[in-house]
Amino acid sequence: LRSFPTLLPPLELQCQYYNLVDQVEKQKEKNRIATLKLEDIFQSLLQKAFKGELNFNEDYFKGL
């Protein structure tokens, strides 16, 4: 394998790529956490709905 020529991008370009990938991974983790929180909120609303604990007043529907 050592006899095969390999192309390496310049170090600066490698660093830019690493930083971009790092930013994407951080955003993916934030999105994952936000999704988990939304799922918890949704499950809580479902439980309240089935228990009859959700109350909406007329003012709530005027804003829709």
Side-chain angles (χ1 to χ4, degrees):
L1 290 174
R2 292 181 184 185
S3 64
F4 288 109
T6 56
L7 298 175
L8 289 176
L11 185 58
E12 181 180 338
L13 192 57
Q14 292 178 41
C15 290
Q16 287 176 357
Y17 176 78
Y18 171 81
N19 290 333
L20 181 62
V21 169
D22 188 49
Q23 288 176 6
V24 168
E25 291 300 322
K26 287 178 182 175
Q27 188 61 49
K28 282 171 50 178
E29 181 62 16
K30 287 180 184 179
N31 290 346
R32 187 187 70 78
I33 291 169
T35 298
L36 291 174
K37 288 180 182 179
L38 286 173
E39 287 174 359
D40 285 344
I41 292 169
F42 181 71
Q43 290 301 319
S44 175
L45 283 172
L46 278 178
Q47 288 179 2
K48 288 181 179 186
F50 283 118
K51 290 180 183 179
E53 297 174 353
L54 288 180
N55 296 314
F56 296 101
N57 59 31
E58 290 181 20
D59 293 335
Y60 174 81
F61 292 104
K62 288 180 184 176
L64 296 178

Student: How long is the gap from CD on E25 to OH on Y18, to the nearest 0.5 Å?
Tutor: 10.0 Å

Student: When you measure from the side chain of S44 to the backbone N and O of D40, does any donor-acceptor pair fall under 3.5 Å?
Tutor: no

Student: Does N19 reach the main-chain N or O of C15 with its side chain, forming a donor-acceptor pair under 3.5 Å?
Tutor: yes

Student: Any salt bridge between E29 and K26, counting N to O under 4.0 Å?
Tutor: no

Student: Other residues, nucleotides and ligands only: do more than 12 of their heavy atoms fall within 6.0 Å of CD on E12?
Tutor: no

Student: Applying side-chain contact (heavy atoms from CB on, under 4.5 Å) to L11 and Q14, what does each step give before you reach the verdict?
Tutor: CA-CA 5 Å; L11 185 58; Q14 292 178 41; 4.3 Å; yes

Student: I need the I33 CD1 to L38 CG distance, nearest 0.5 Å.
Tutor: 12.0 Å

Student: Same hydrophobic cluster for L54 and I41, using side-chain heavy-atom links shorter than 4.5 Å among ILVMFWY?
Tutor: yes

Student: Linking I/L/V/M/F/W/Y whenever any side-chain heavy atoms sit under 4.5 Å apart, do L13 and V21 land together?
Tutor: no

Student: What distance do L45 atom CG and Q47 atom CD have between them, rounded to the nearest 0.5 Å?
Tutor: 10.0 Å

